[in-house]
*Asks:* 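If you scroll down you'll find the structure; I have some questions about it.
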Amino acid sequence: MPELPEVETVRQGLDTWVTGRTIASVEVRHPRAIRRHLPGDAHFAAVLTGRTVTGVSRRGKYLWLPLDSGDAIVGHLGMSGQLLLQPADAPDETHLRVRFTFTDGGAQLRFVDQRTFGGLAVSEGGAVLPGEIAHIARDPLDPLFSDEDFVAALRRKRTEVKRALLDQTLLSGVGNIYADEALWRARLHGARAADALTGPAARRLLGHVRDVLREAIVAGGTSFDALYVNVNGESGYFDRSLDAYGREGLPCHRCGTAIRREQFMNRSSYSCPRCQPRPRRTPR
DNA sequence: ATCCCGCCCTGAGCGC
DNA sequence: TGCGCTCAGGGCGGGA
């Protein structure tokens, strides 16, 4: 569910409310939530207890909390994960998976995840960049992201442009919503062959990706339901600004044509039939 | 090496 | 009411 803007909203909240605090206890309520932490839940709790969180970082849709030990807690929200700050006396959430308490006795950090596609792990020595996510590309808001490298890599891909936008090793942070939004802005159908894009077209597309991500962060992300919320349980409001995603049958904000929905990668894709005509040739 | 598919889960909404 | 089906914002492993 969460893409870069939603994860960045969570990152900012964690940075405000968790950085500088020392972990007093860790309770793993569901083993699947730490399945990527191979040593298991007892080890997970033991290495984190007594550690101080020194910041909160993000690459694409991954978050990590560097610790004073040089290790890090690395996490992914999957489709339905939430990181919430809750008073100690707040009732446990139905899908509470991991609870952290702090030595200051303040709000707990809770990892709540209905579908359990998300998870947490300790990354040994991962404070600067967890090795577990070294294969994830920088995101387009990262100051060290290289536009020219991305454009060149995109134009080498023998696949459809939407598939390439969703490839987290090419650029990170873009998911189904923001891919469709950027393609709509760029007036490109997602089935266009990536290696058939001209350099200027690829650069324009990247510009639209960057714009829509930035605008969505300002809005606090996109929340269709209670599954995506910030660390204080509040929804973002970028759903009001969507031009394509989820708008099947509604008029295109540019030309008035009804937005269409198509199946792609076992997911829905939304586009304007007039502004984003299907390519005649698709990649093989 | 590159690309693509199936799968990992739970719950909401819908038609019957 | 209840059943069964479809759908949901992601990423990985493994096969082709």
Side-chain angles (χ1 to χ4, degrees), chain A residues 1-10 29-38 58-63 74-83 93-97 111-121 130-137 139 153-183 190-191 193-195 209 212-213 216-217 219-230 235-242 244-248 261-270 282-284:
Chain A
M1 112 204 214
E3 306 179 35
L4 186 150
E6 294 75 39
V7 179
E8 174 59 20
T9 300
V10 171
R29 303 279 306 254
H30 195 306
R32 195 173 145 76
I34 61 152
R35 66 193 179 284
R36 305 250 169 226
H37 187 79
L38 303 180
R58 180 185 58 73
R59 177 171 286 198
K61 305 172 196 172
Y62 280 89
L63 287 169
V74 58
H76 196 291
L77 301 177
M79 292 284 270
S80 56
Q82 306 174 338
L83 285 164
E93 292 76 5
T94 306
H95 303 294
L96 175 64
R97 307 306 189 194
F111 180 63
V112 176
D113 189 10
Q114 177 201 110
R115 292 175 69 185
T116 68
F117 286 1
L120 304 177
E132 292 83 347
I133 59 175
H135 65 290
I136 301 292
D139 64 64
L154 175 66
R155 298 181 63 214
R156 276 196 300 269
K157 283 281 172 188
R158 292 182 56 79
T159 189
E160 294 147 321
V161 65
K162 179 167 178 181
R163 209 180 271 280
L165 286 180
L166 296 176
D167 181 347
Q168 304 296 303
T169 67
L170 212 52
L171 92 172
S172 65
V174 176
N176 206 30
I177 295 179
Y178 298 108
D180 278 3
E181 293 302 304
L183 289 165
D195 62 0
V209 169
V212 73
L213 293 177
I217 290 172
T222 301
S223 309
F224 296 121
D225 53 40
L227 275 189
Y228 170 71
V229 290
N230 70 10
S235 294
Y237 55 86
F238 193 73
D239 58 312
R240 296 174 214 162
S241 303
L242 296 175
Y245 189 85
R247 297 194 64 248
E248 182 180 18
R261 178 161 77 115
E262 297 169 298
Q263 284 304 118
F264 179 78
M265 294 170 75
N266 291 323
R267 289 194 169 83
S268 293
S269 291
Y270 299 87
T282 53
R284 111 103 300 249

*Asks:* Would you give the length of the straight line joining atom CG of A:Leu183 to atom OH of A:Tyr270, rounded to the nearest 0.5 angstrom?
*Replies:* 14.5 Å
*Asks:* For Watson-Crick and G-U wobble pairs within 3.5 Å on both distances, what is DNA chain C written in dot-bracket notation, | included for inter-strand pairing?
*Replies:* .|||||||.|||||||
*Asks:* Whole angstroms only, please: what is the CZ-P distance between A:Arg35 and C:dC12?
*Replies:* 10 Å
*Asks:* Nearest 0.5 Å, what's the CG-CG distance between A:Leu165 and A:Leu154?
*Replies:*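 Spacing of CG (A:Leu165) from CG (A:Leu154) equals 7.0 Å.
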*Asks:* What is the distance from atom CG of A:Leu83 to atom CG of A:Leu63, rounded to the nearest 0.5 Å?
*Replies:*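 Separation between the atoms: 6.5 Å.
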*Asks:* Angle between ring planes, A:Phe238 versus A:Tyr178, binned at 30° and 60°: parallel, tilted or perpendicular?
*Replies:* tilted
*Asks:* Write down the distance separating the P atoms in C:dG9 and B:dG13, rounded off to the nearest Å.
*Replies:*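 My reading of the P atoms in C:dG9 and B:dG13 gives 16 Å.
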*Asks:* Could you run down the sub-3.5 Å N/O contacts of the protein with nucleotides 13-16 of chain C?
*Replies:*
none

*Asks:* Nearest-Å distance, OH (A:Tyr270) to C1' (C:dC7)?
*Replies:*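 Distance, rounded to whole Å: 9 Å.
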*Asks:* Report the distance from atom CZ of A:Arg240 to atom CG of A:Leu242, rounding to the nearest 0.5 Å.
*Replies:*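 Nearest 0.5 Å value for the CZ-CG distance: 11.0 Å.
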*Asks:* Looking at the side chain of A:Lys157, which of C:dC12, B:dG6, B:dC3 is the nearest nucleotide?
*Replies:*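 The answer is B:dC3, which lies nearest to the side chain.
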*Asks:* Expressed in angstrom and rounded to an integer, what is the separation of A:Leu77 atom CG from C:dG11 atom C1'?
*Replies:*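 Rounding to the nearest Å, CG of A:Leu77 and C1' of C:dG11 are 13 Å apart.
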*Asks:* Name all residues meeting the salt bridge (charged side-chain N to carboxylate O under 4.0 Å, His left out) criterion together with A:Arg163; count only those two or more places apart in sequence or in a different chain, and write none if there are none.
*Replies:*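 Scan of A:Arg163 (salt bridge (charged side-chain N to carboxylate O under 4.0 Å, His left out), adjacent residues dropped) gives A:Glu160.
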*Asks:* NA contact type, A:Thr222, heavy-atom cut-off 4.0 Å: base, sugar-phosphate, or nothing?
*Replies:*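 Since a base atom lies under 4.0 Å of A:Thr222, the category is base.
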*Asks:* Calculate the interatomic distance between A:Met265 atom CE and C:dA8 atom C1'; express it in whole Å.
*Replies:* 15 Å
*Asks:* Answer with yes or no whether the side chains of A:Ser172 and A:Lys61 bring together a donor and an acceptor at under 3.5 Å.
*Replies:* no
*Asks:* How close or far is atom P of C:dG9 from atom CG of A:Asp180, stated in whole angstroms?
*Replies:* 9 Å
*Asks:* Report the residues that fulfil ring pair (Phe, Tyr, Trp, His ring centres under 6.0 Å) with A:Phe111, sequence neighbours left out, ordered by chain and then residue number.
*Replies:* none
*Asks:* Round to the nearest Å and state the distance from A:Phe264 atom CZ to B:dG6 atom P.
*Replies:* 14 Å
*Asks:* Using a heavy-atom cut-off of under 4.0 Å over every strand shown, decide if A:Tyr62 touches base, sugar-phosphate, or nothing.
*Replies:*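 Answer is sugar-phosphate: A:Tyr62 comes under 4.0 Å of backbone atoms only.
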*Asks:* Choose from B:dC4, B:dC3, C:dA8 the nucleotide whose nearest atom is closest to any side-chain atom of A:Arg163.
*Replies:*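 When the side chain of A:Arg163 is considered, B:dC4 is the closest of B:dC4, B:dC3, C:dA8.
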*Asks:* Look at the side chain of A:Met79 and decide which nucleotide, out of C:dA8, C:dG11, B:dG6, has an atom nearest to it.
*Replies:* C:dA8
*Asks:* Take the protein atom CZ of A:Arg261 and the nucleotide atom P of C:dA8, then report the distance between them rounded to whole Å.
*Replies:*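 Going from CZ in A:Arg261 over to P in C:dA8 covers 6 Å.
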*Asks:* Return a single string for nucleotides 9-14 of chain B, one symbol per nucleotide in 5' to 3' order, where B is base contact, S is sugar-phosphate-only contact and - is none, cutoff 4.0 angstrom on heavy atoms.
*Replies:* BBS---
*Asks:* Taking only side-chain N and O atoms of A:Ser268, does any of them lie within less than 4.0 angstrom of OP1 or OP2 on C:dA8?
*Replies:* yes
*Asks:* Without decimals, in angstroms, what is the distance between A:Asn266 CG and C:dC12 P?
*Replies:*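 Distance check: A:Asn266 CG to C:dC12 P gives 18 Å.
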*Asks:* Let me know which of A:Lys162, A:Glu3, A:Glu181 forms a side chain to side chain donor-acceptor pair (under 3.5 Å) with A:Asn176.
*Replies:*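 Result: among A:Lys162, A:Glu3, A:Glu181, A:Lys162 is the only option passing the side chain to side chain donor-acceptor pair (under 3.5 Å) with A:Asn176.
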*Asks:* Can a salt bridge be assigned to the pair A:Arg32 and A:Asp113 using a cut-off of 4.0 Å between side-chain N and carboxylate O?
*Replies:*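 So A:Arg32 does not pair with A:Asp113 through a salt bridge.
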*Asks:* Which whole number of Å gives the distance between the P atom of B:dC9 and that of C:dG14?
*Replies:*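 Those two atoms are separated by 15 Å.
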*Asks:* Hey, does A:Tyr178 reach any base, or is it just sugar-phosphate, or nothing, if we go heavy atoms under 4.0 Å?
*Replies:* nothing
*Asks:* Calculate, to the nearest 0.5 Å, the distance between atoms CD1 and NE2 belonging to A:Ile133 and A:His76 respectively.
*Replies:* 9.5 Å
*Asks:* Under the rule for ring pair (Phe, Tyr, Trp, His ring centres under 6.0 Å), what residues qualify as partners of A:His95, not counting sequence neighbours?
*Replies:*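 In terms of ring pair (Phe, Tyr, Trp, His ring centres under 6.0 Å), with neighbours along the sequence ignored, A:His95 is linked to no residue.
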